[in-house]
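Order of the sequence lines sets the chain letters (A, B, ...), proteins ahead of strands, with each chain counted from 1. Every heavy atom of this structure was used, including side-chain atoms; hydrogens, water molecules and symmetry mates were not.
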There are 2 protein chains.
Amino acid sequence: MKHPTPNAAPDAAPAPDAKSAARRPIPPQFGMDQALWAAWLYYEDGLKQDHIAEQMGISRASVFNLLQKARDEGIVTIAIDPTRIARADLALRLSAATGLSECFVLPAGNSTASLHEQIGHLGARVLENRLGETEVIGVAWGRTVMRLSQLLTPMQRPNVTVAQITGSSAATFDFSPVLCTSNIAERLNARCVNLHAPGVVSTPAVKDILMAEPSIHQHFDLLRQCTMTVFGVTHLIGPTLLVQGGFMSQAEMQVYIDKGAIGFASGHFFDIAGNPVRSEFDDRHITMSHDELLNVPRRICVGGGLPKVGAICGMLRNRLANVLVTDEATAHAVLAEYAKG
Amino acid sequence: MKHPTPNAAPDAAPAPDAKSAARRPIPPQFGMDQALWAAWLYYEDGLKQDHIAEQMGISRASVFNLLQKARDEGIVTIAIDPTRIARADLALRLSAATGLSECFVLPAGNSTASLHEQIGHLGARVLENRLGETEVIGVAWGRTVMRLSQLLTPMQRPNVTVAQITGSSAATFDFSPVLCTSNIAERLNARCVNLHAPGVVSTPAVKDILMAEPSIHQHFDLLRQCTMTVFGVTHLIGPTLLVQGGFMSQAEMQVYIDKGAIGFASGHFFDIAGNPVRSEFDDRHITMSHDELLNVPRRICVGGGLPKVGAICGMLRNRLANVLVTDEATAHAVLAEYAKG
DNA sequence: AGTCATCACTGGCACATGTCAATGACGTTT
DNA sequence: AAACGTCATTGACATGTGCCAGTGATGACT
């Protein structure tokens, strides 16, 4: 009889309601969200939920719900300064050895969550922290990137553009380029620009035709303005997702492997020494070019797991990333690999 | 026998310590601050303090202490998105009426804290949120600015410069220009540039000489690069702090009042219509010029209280501020004043 | 060497918070 | 118009947190 929004019209407003004692002595009509008010009183004024409930004329449980809503919606942000994590000496040593400009290493907690989950989590924090008012973010795809997108704190970034780096795969991943991109844009309340083209086409000629298409061409113009890219990294050993997911055939993959490729990231293959590995597949793959990628100032790679160590080393030597988010075990292994040669 | 830092050398390391059950199964040696680790597990992984204590091999109370340290030191930041507060319709209407680019209105809680305290608090949040990696912040002085400086969250901003807008007053305020400036710089871990000159000198000639002095000249060159200014606002009615604090004499003040001045902010007087009010005092006052101030992109004024309403209106019309942080009652009053004429 | 001050850590209690099933209002369907 | 589903809200209970005084270790001073 008091709560259902401040439109107190229905119940005779001036009615000297029985136990009205402390009932909304200040019917706030705050013009602002109740959750915001509660959050302010709780987090900034340090009041207890009891007091807030009393002041707002609602139950304490409702205050709790409002606070939770405030956290969920990003009205209140609880953030750990990721630069502190980078400072951890492991990260520092890794940066020094590889030439990364920044490196974030996940503490080796006993967390039960999957590695993708955990690295995506840390990656989300890093992305948020590195995010300016105005950005153009190029997004590739992958399981970790997908988790990252889901773990971003909702925020208002109307001047940020999130663009898809690579064509939409025909395959049905649950972490497709389209999903990764739109998820991130949604969380940031940013402009979402999908690439309305297949990821791989049948002949180079088709690629040429598509690339000449104004709408596609325009998209790649946008990509050249990227201020950051976000992507995962894949190794090629065993039954990889690239083949399993239907992104490419085993035969196509084998060509790269035969040429010495060890990994794949943001649309390009490379060997363990960091040299690009190319094949005719590249001429049919619709994605941002290698040179263009290297022109992006901040290139964030999220990924870890021991099988990926070789791929990560190759990618780092290839310079595709200058920011790496990974886990402790992988960081150690990469460091060892670099020490080796 | 376990806690005093991880240099576990003293107690025979391999000793099969009696109740060693869960004793630091992972003596982390994290290379990183324990507080950081605890904060990560608590705020990001959502573990309970009990679990964390177990994992880290310390008592729960210590975990609590670590978390508090993490909050105190700014490792963990809990922030309310101030843009939401700006969105509150009162703030919106005020922005629309006055031409402010942003406006933040303090919720009218029943807080017992002083108005300076509360507005300083909100101002601190606004400043933090608007702070880029690289800034030059010009700081004036006042009680509210002082509170703001004390309520800033500690953070690392090595590329920020905090510069004093106005000469150091001979008077002994507990909120002098020097203190306001150095406090803010300290909190931000930014470069602090004080103005080593008196605020008011005896004759215009002395001012001219000082202004020609290389070190002073250089300071004003720096001030011209300000990306934001932070200041309070004073009314001139009754025994004002300007006179009481010994900043200027009652006679000097009276000249301004006789000319119609109603307020004073960031070193300049103005009337209720927003016209600058000048006197010979200005020629002896060592401070950033009015024109230079108006060239600063973001000009944040913190202040409220009904006696200041006239002064705030004048200041807004004078354009000295384009961002205002105030309380609800004052906001209403200012809005009413604008509606009037 | 002995004494004292300081500091970090902890046990345990009082209190604050998180959770959940029950409640009642409202809108929708038959 | 009655029956139903949905949703926000709540009271009461189970946990988790905040705090303080007590303890032992360390280092400084006499």
Problem set entry | Distance, nearest 0.5 Å, that separates CG of B:Leu151 from CE of B:Met146 | 10.5 Å

Problem set entry | Closest contact, heavy atoms only, A:Ser168 versus A:Val178 | OG-CG2, 3.3 Å

Exercise. In degrees, rounded to 10°, what is the bend between the two ends of the helix from C:dA1-D:dT30 to C:dT30-D:dA1, using five pairs at each?
Worked result: 20°

Pairs of donor and acceptor atoms involving the side chains of residues 65-73 of chain A, under 3.5 Å and at least two apart or interchain, shall be tabulated with distances.
| residue | atom | partner | partner atom | Å |
| --- | --- | --- | --- | --- |
| A:Asn65 | ND2 | A:Ala61 | O | 3.4 |
| A:Arg71 | NH1 | A:Tyr43 | OH | 2.6 |

Exercise. Can A:Glu102 and A:Arg130 be counted as an ion pair, charged N to O under 4.0 angstrom?
Worked result: yes

Exercise. Looking just at side-chain N and O atoms, do B:Thr153 and B:Glu128 make a donor-acceptor pair shorter than 3.5 Å?
Worked result: yes

For this session: Quickly, which of A:Leu148, A:Val162, A:Val325 forms a side-chain contact (heavy atoms from CB on, under 4.5 Å) with A:Val230? Name it, please.
Result: A:Leu148

Seminar exercise, completed: Which of A:Glu117, A:His116, A:Gln118 passes side-chain hydrogen bond (donor to acceptor under 3.5 Å, both in side chains) with A:Thr144? Answer is A:His116

For this session: Could you encode protein contacts along nucleotides 11-24 of chain C as a string, one character per nucleotide from 5' to 3', using B for base contact, S for sugar-phosphate-only contact and - for no contact, with a heavy-atom cut-off of under 4.0 Å?
Result: BB----BBB-----

